[in-house]
Amino acid sequence: DAGKLYDASIQLPYGLTESDLDKLRNVEGVTDLETAYSCYASMIDGNNSHTLKVQTLTDSMNLLNSVKGNIPMEPDEIALLGTWADAHGISIGDTIRLKHDASDADDGDGMEFLTTDTYTVTALVGSPEYLFKQSSSYGVSNIGSGAIDCVAFVTTPAFDVDKFQDGHPLVYVRCAELDEMQTFSDEYKEGVNSIVAAITKLGNKLGTERYQEVHEKAQGSYDDAERQILEGEQLLAESRQKLEDGEQQLADGQRQIEEGEQQLASGKQDFADQQVSTTQQLADAYRQLSEGQAKYDAGCEQYNTAAELYN
C-alpha cells in the first residue's frame with residue numbers, strides 16, 4: 001500500500017463543498033479524505049487528437065510511482081502516464097498543447113477550467129489509481145470519442161479553481177479499518193461495499209442539493225442578466241427616442257434659422273426700400289419748399305414794387 005490507493009471515490013459534476021466534506025467525514029468508517037480537481041481536454045498530436053483526463057496531484061492518496069523526471073511544480077508543467085507516453089513517442093522535455101474539443105466546446109469541455117493550454121512534460125509516471133487500466137482506455141470522458149486515452153497530472157494552480165464555484169469535483173476516501181485487509185479479499189470487498197453504499201446514499205443527497213444550489217445561483221445570474229438586458233434595451237430605446245427628438249429639434253432649429261435669415265433679408269430689403277422712399281419724399285418736400293420759397297420771394301418783390309408805385 002505504498003501508493004496509498006483510495007478505498008472509494010466520489011466524482012460529481014458540480015463537486016462537493018467544504019460543508020459537504022464535513023458531512024462525508026462523519027460517515028461511519030471514513031477516516032481520511034483528499035480532494036482533487038479534474039477535467040477533460042483534447043491533446044493536439046499532429047493530425048490526431050487524444051482525450052486526456054487532467055487532474056491535480058494528491059499528497060496523501062494515490063501517490064505516483066515509477067517516476068522518471070521531476071514531478072510538476074509549476075502551472076505549465078505536466079506529468080503523463082509513462083506507458084501511454086512511451087507508446088506515443090512522448091518524452092520528458094516535450095511540449096504538449098491542449099485544445100477545445102470542437103464538438104463539445106459548449107458542453108463539458110474542460111479547457112475553461114485550466115489556466116494554460118501549453119505544458120512541458122516534466123515526468124513520466126505510474127499511478128496506483130490506474131494500475132490495472134489498459135493503456136488503450138483509462139475510463140470514460142464526456143468529450144471526444146467518450147474514452148480517456150491518457151491521464152495527466154498537474155499542480156493545483158494549473159486550474160482556475162474559482163470556476164468550480166467552491167466545489168471539489170473529485171474526492172478520495174480512505175478507511176483505516178480496511179488497511180489490514182487484503183485488497184482483493186472478500187472481506188475487503190464487503191467492507192468497501194458497505195462504506196460505498198453509505199457514501200453513495202449521502203453523495204446522491206449532497207449531489208442533488210449541490211445541483212439545486214448551483215442551478216439556483218445560475219438561474220439568479222441568468223435572471224439578473226436578463227433584467228440587465230431588458231433595462232439596457234429600455235435605456236437604448238429611450239436614448240434612441242432622445243436622439244430622434246434631438247434630431248427633430250435640430251431640424252426645427254435649422255428651419256427657424258432659415259426662416260429668421262429670410263425675415264432678416266426681407267427686413268433689410270424693406271428697410272432699403274423704405275430708405276429710398278423716404279429719401280424721395282424728403283427730396284420732393286425740399287423741392288416743394290424751394291418752390292414755395294421762390295413764390296413767396298416773388299410775391300414779396302411784387303408787393304414792394306406796388307407799394308413804391310403807390311407812394
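We're numbering straight along the sequence, starting at 1.
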K.L.:
Does a donor on one side chain and an acceptor on the other come within less than 3.5 Å for Tyr130 and Asn62?
P.N.:
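No, Asn62 and Tyr130 have no side-chain donor paired with an acceptor closer than 3.5 Å.
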K.L.:
Which atoms form the tightest heavy-atom contact between Thr58 and Leu63, and what is the distance?
P.N.:
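What the structure gives for the nearest pair is O-CD2, 4.0 Å.
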K.L.:
Which distance, rounded to the nearest 0.5 Å, do you find between the OG1 of Thr35 and the CD1 of Ile10?
P.N.:
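Rounded to the nearest 0.5 Å, the OG1-CD1 separation comes out at 12.0 Å.
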K.L.:
Treating Ile, Leu, Val, Met, Phe, Trp and Tyr as nodes and any side-chain heavy-atom pair under 4.5 angstrom as an edge, say whether Ile96 and Ile44 lie in one connected cluster.
P.N.:
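Each belongs to a different hydrophobic cluster.
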K.L.:
Checking Glu77 side chain against Met73 main chain: does a donor-acceptor pair fall under 3.5 Å?
P.N.:
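Pair found, side chain donor or acceptor close to backbone of Met73.
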K.L.:
Are Val140 and Val54 connected in the hydrophobic side-chain network, where two residues link if heavy atoms are under 4.5 Å apart?
P.N.:
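Val140 does not cluster with Val54.
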K.L.:
Do Ile71 and Leu52 belong to the same hydrophobic cluster, where Ile, Leu, Val, Met, Phe, Trp and Tyr are linked whenever their side-chain heavy atoms lie under 4.5 Å apart, directly or via other members?
P.N.:
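In one cluster with Ile71: Leu52, yes.
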K.L.:
In the structure I gave you, are the side-chain heavy atoms of Trp84 and Ile90 within less than 4.5 Å of one another anywhere?
P.N.:
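Yes, at least one pair of side-chain atoms sits under 4.5 Å.
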K.L.:
Looking just at side-chain N and O atoms, do Tyr6 and Glu34 make a donor-acceptor pair shorter than 3.5 Å?
P.N.:
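Side-chain D/A pair, Tyr6 to Glu34: absent.
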K.L.:
Test your reading of the model: is there a side-chain donor-acceptor pair from Thr115 to the backbone of Asp160, 3.5 Å cut-off?
P.N.:
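Not a single qualifying donor-acceptor pair exists.
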K.L.:
How long is the straight-line distance from CG of Leu230 back to CD of Glu226, given to the nearest 0.5 Å?
P.N.:
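Going from the CD atom of Glu226 to the CG atom of Leu230 covers 5.5 Å.
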K.L.:
Asp252: what forms a side-chain contact (heavy atoms from CB on, under 4.5 Å) with it, not counting sequence neighbours?
P.N.:
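Here the qualifying residues are Gln248, Arg255.
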K.L.:
What are the two closest non-hydrogen atoms of Ile78 and Ala152, and how far apart are they?
P.N.:
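That would be CD1-CB, 3.5 Å.
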K.L.:
With a sphere of 6.0 Å drawn around CD of Glu187, does it hold more than 12 non-hydrogen atoms of other residues, nucleotides or ligands?
P.N.:
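At most 12 heavy atoms, drawn from other residues, nucleotides or ligands, come within 6.0 Å of this atom.
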K.L.:
Dump the intermediate steps for side chain to side chain contact (heavy atoms under 4.5 Å, CB included) on Ile143 and Ser42, then the final yes or no.
P.N.:
CA-CA 8 Å; Ile143 65 171; Ser42 297; 3.8 Å; yes
K.L.:
Looking at every heavy atom in both Pro75 and Thr116, which two are closest together, and how far apart are they?
P.N.:
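So the minimum-distance heavy-atom pair works out to O-CG2, 4.0 Å.
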K.L.:
So, Phe164 versus Tyr37, ring centres under 6.0 angstrom or not?
P.N.:
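Yes, close enough.
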K.L.:
From Gln234 CD over to Arg227 CZ, what is the distance, rounded to the nearest 0.5 angstrom?
P.N.:
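One finds 14.0 Å between CD of Gln234 and CZ of Arg227.
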K.L.:
Are more than 12 heavy atoms, taken from residues, nucleotides or ligands other than Glu259, located less than 6.0 Å from that residue's CD atom?
P.N.:
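Check passes, neighbour count above 12.
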K.L.:
What I'd like to find out is whether the side chain of Glu129 reaches to under 4.5 Å of the side chain of Gln55, using heavy atoms alone.
P.N.:
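A side-chain contact exists here, since the closest heavy-atom pair is under 4.5 Å.
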K.L.:
Between Asp149 and Lys53, does any NZ, NE, NH1 or NH2 come within less than 4.0 Å of an OD or OE carboxylate oxygen?
P.N.:
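Here Lys53 does not pair with Asp149 in a salt bridge, since their nearest N and O are not under 4.0 Å apart.
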K.L.:
State whether the number of non-hydrogen atoms from other residues, nucleotides or ligands found under 6.0 Å of Glu180 atom CD is greater than 12.
P.N.:
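Result for CD/Glu180: open.
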K.L.:
Salt-bridge test for Asp245 and Lys242: reply yes if a basic N is under 4.0 Å from a carboxylate O, no otherwise.
P.N.:
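Looking at Lys242 together with Asp245, the answer is no, because their closest N to O distance does not fall below 4.0 Å.
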K.L.:
Is Leu178 close to Val192 at the side-chain level, that is, under 4.5 Å between some pair of heavy atoms?
P.N.:
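Val192 vs Leu178: side chains touch.
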K.L.:
Does the side chain of Ser9 come within less than 4.5 Å of Val173's, by heavy atoms?
P.N.:
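A side-chain contact is absent here, since even the closest heavy-atom pair is not under 4.5 Å.
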K.L.:
Just verifying a value: how many Å separate Phe153 CZ and Thr122 OG1, rounded to the nearest 0.5 Å?
P.N.:
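Taking CZ in Phe153 and OG1 in Thr122, the distance rounds to 12.0 Å.
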K.L.:
So Asp117 and Lys99, do their side chains get closer than 4.5 Å, heavy atoms only?
P.N.:
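Counting from C-beta outward, Lys99 and Asp117 never come under 4.5 Å.
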K.L.:
Between Ile92 and Lys68, is a side chain to side chain contact (heavy atoms under 4.5 Å, CB included) present by the stated rule, with each step listed?
P.N.:
CA-CA 8 Å; Ile92 294 173; Lys68 295 180 182 178; 4.1 Å; yes
K.L.:
With no hydrogens and no angle check, just 3.5 Å: does a side-chain donor-acceptor pair link Gln262 and Glu258?
P.N.:
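No donor-acceptor contact under 3.5 Å links the two side chains.
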K.L.:
Give the minimum heavy-atom separation between Val30 and Leu33, together with the two atoms involved.
P.N.:
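Val30 and Leu33 have their closest heavy atoms at CG1-CD2, 3.8 Å.
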K.L.:
Ignoring hydrogens and angles, state whether a donor on the side chain of Thr17 or Asp20 is under 3.5 Å from an acceptor on the partner side chain.
P.N.:
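Present: a donor and an acceptor within the cut-off.
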K.L.:
Measuring from atom SG of Cys39 to atom CZ of Phe159, what distance do you get when rounded to the nearest 0.5 angstrom?
P.N.:
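Here the interatomic distance stands at 4.0 Å.
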K.L.:
Is the backbone of Thr155 close enough, under 3.5 Å, to the side chain of Thr56 for a donor and an acceptor to pair up by distance?
P.N.:
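A pair under 3.5 Å: no.
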K.L.:
For the pair Asp86 (side chain) and Thr83 (backbone), establish whether a donor and an acceptor sit closer than 3.5 Å, ignoring hydrogens and angles.
P.N.:
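Here the side-chain-to-backbone pair does not exist.
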K.L.:
Tell me, do Leu81 and Tyr138 make a side-chain contact under 4.5 Å, heavy atoms counted?
P.N.:
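Yes, close enough: below the 4.5 Å cut-off.
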K.L.:
Is it true that a side-chain atom of Thr31 and a backbone atom of Ala176 form a donor plus acceptor pair closer than 3.5 Å?
P.N.:
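Yes, because the side chain of Thr31 sits within donor-acceptor range (under 3.5 Å) of the backbone of Ala176.
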K.L.:
At their closest point, which heavy atom of Pro169 faces which heavy atom of Ser38, and how far apart are they?
P.N.:
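Minimum heavy-atom separation between Pro169 and Ser38: CG-N, 3.9 Å.
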K.L.:
How close do Cys175 and Gly29 get, heavy atom to heavy atom, and via which atoms?
P.N.:
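Closest pair (atom of Cys175, atom of Gly29, distance): CB-O, 3.2 Å.
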K.L.:
For the atom pair CG (Leu80) and OH (Tyr119), what is the distance rounded to the nearest 0.5 Å?
P.N.:
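If I round to the nearest 0.5 Å, the distance is 11.5 Å.
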K.L.:
Do Leu57 and Leu64 have side-chain heavy atoms sitting under 4.5 Å apart?
P.N.:
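In contact.
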K.L.:
Under a 4.0 Å threshold between the charged nitrogen and the carboxylate oxygen, would Glu244 count as salt-bridged to Arg240?
P.N.:
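Glu244 and Arg240: not salt-bridged.
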K.L.:
Between Ser60 and Asp32, does a side chain to side chain contact (heavy atoms under 4.5 Å, CB included) hold up when you go through it step by step?
P.N.:
CA-CA 9 Å; Ser60 62; Asp32 191 18; 3.8 Å; yes
K.L.:
As a quick check of understanding, evaluate side chain to side chain contact (heavy atoms under 4.5 Å, CB included) for Glu261 and Ile257, giving each step before the final call.
P.N.:
CA-CA 6 Å; Glu261 289 177 342; Ile257 290 174; 3.8 Å; yes
K.L.:
Is there a side-chain contact between Glu18 and His168, using heavy atoms and a 4.5 Å cut-off?
P.N.:
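Heavy-atom side-chain distance check passes, below 4.5 Å.
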K.L.:
How about CD on Glu28, more than 12 heavy atoms from neighbouring residues, nucleotides or ligands closer than 6.0 Å, or not?
P.N.:
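Open.
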K.L.:
Using modelled atom types only, decide if a donor and an acceptor are shared between the side chain of Ser194 and the backbone of Glu190 within a distance under 3.5 Å.
P.N.:
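No; judged by distance alone, with no hydrogens or angles, the pair does not exist.
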